[in-house]
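Owing to the predicted nature of the structure, the values given are computational and were not obtained by experimental measurement.
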Amino acid sequence: LVIITSQAGSAEWRTTQNANKGGDYGHHMSRAACNMAGVLLAEELRPKGIAVILLHPGFNRTTMTKKYAHIWDIEGAVEPSDGAKRVLYETIQGSLETTGKFINCEDGRQIPW
């Protein structure tokens, strides 16, 4: 089971990306809640042999991120088709060993909670 979520739900990353400014409370809180649901679901389904992975698709050039178009090139935003390939790759890597993990599809690393 794959949950597409966002690094916006990482409390630790907020101290870097939102340092001294906060903001976007609803978005960050909803992603954190989604991530918690994913972890709880992973624990519930683990005994049944069902893996649950939480994936941050990365920074994609979409209408949702259009307000950040001025930094797309600087921050390495990719076309949605490339972002989808990253998600597919990490989905294939998913297993009971990665169940409940929060993975960044940009680099395959685990995102801190």
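- Atom-to-atom distance recorded for T99:OG1 and L54:CG is 8.5 Å, nearest 0.5 angstrom.
- In this structure, OG on S6 lies 12.0 Å from CG on L55, to the nearest 0.5 angstrom.
- Atoms CD and NZ, from Q93 and K101 in turn, are 15.5 Å apart once rounded to the nearest 0.5 Å.
- The minimum heavy-atom distance linking L96 with R46 is given by the pair O-NH1, 4.0 Å.
- For the pair Q7 and R14, the minimum side-chain heavy-atom distance is below 4.5 Å.
- Nearest approach of G38 to V52, heavy atoms of both residues: O-CG1, 3.8 Å.
- Judged purely by atom type and a 3.5 angstrom limit, R86 has no side-chain atom pairing as donor or acceptor with the backbone of E106.
- T98 places none of its side-chain heavy atoms less than 4.5 Å from the side chain of I103.
- Taking each heavy atom of T15 and A19 in turn, the nearest pair found is O-CB, 3.3 Å.
- Smallest separation of non-hydrogen atoms from S10 and I111: CB-CG2, 3.8 Å.
- By the 30° and 60° cut-offs, the orientation of the rings of Y68 relative to F59 is perpendicular.
- With a 4.5 Å cut-off on side-chain heavy atoms, W13 and P112 count as touching.
- In this structure, the separation between OG1 on T91 and CG on L1 is 10.0 Å, given to the nearest 0.5 Å.
- Counting only heavy atoms from C-beta outward, the side chains of L88 and K85 never approach each other to under 4.5 Å.
- Note that the CD1 atom of I50 and the CG atom of L41 stand 8.5 Å from one another [nearest 0.5 Å].
- The two residues G100 and V39 have their closest heavy-atom pair at O-CG2, 3.9 Å.
- Not one N or O on the side chain of W113 forms a donor-acceptor pair closer than 3.5 Å with the backbone of F102.
- Contact record, N60 with A77: C-CB, 4.4 Å, taken as the closest heavy-atom pair.
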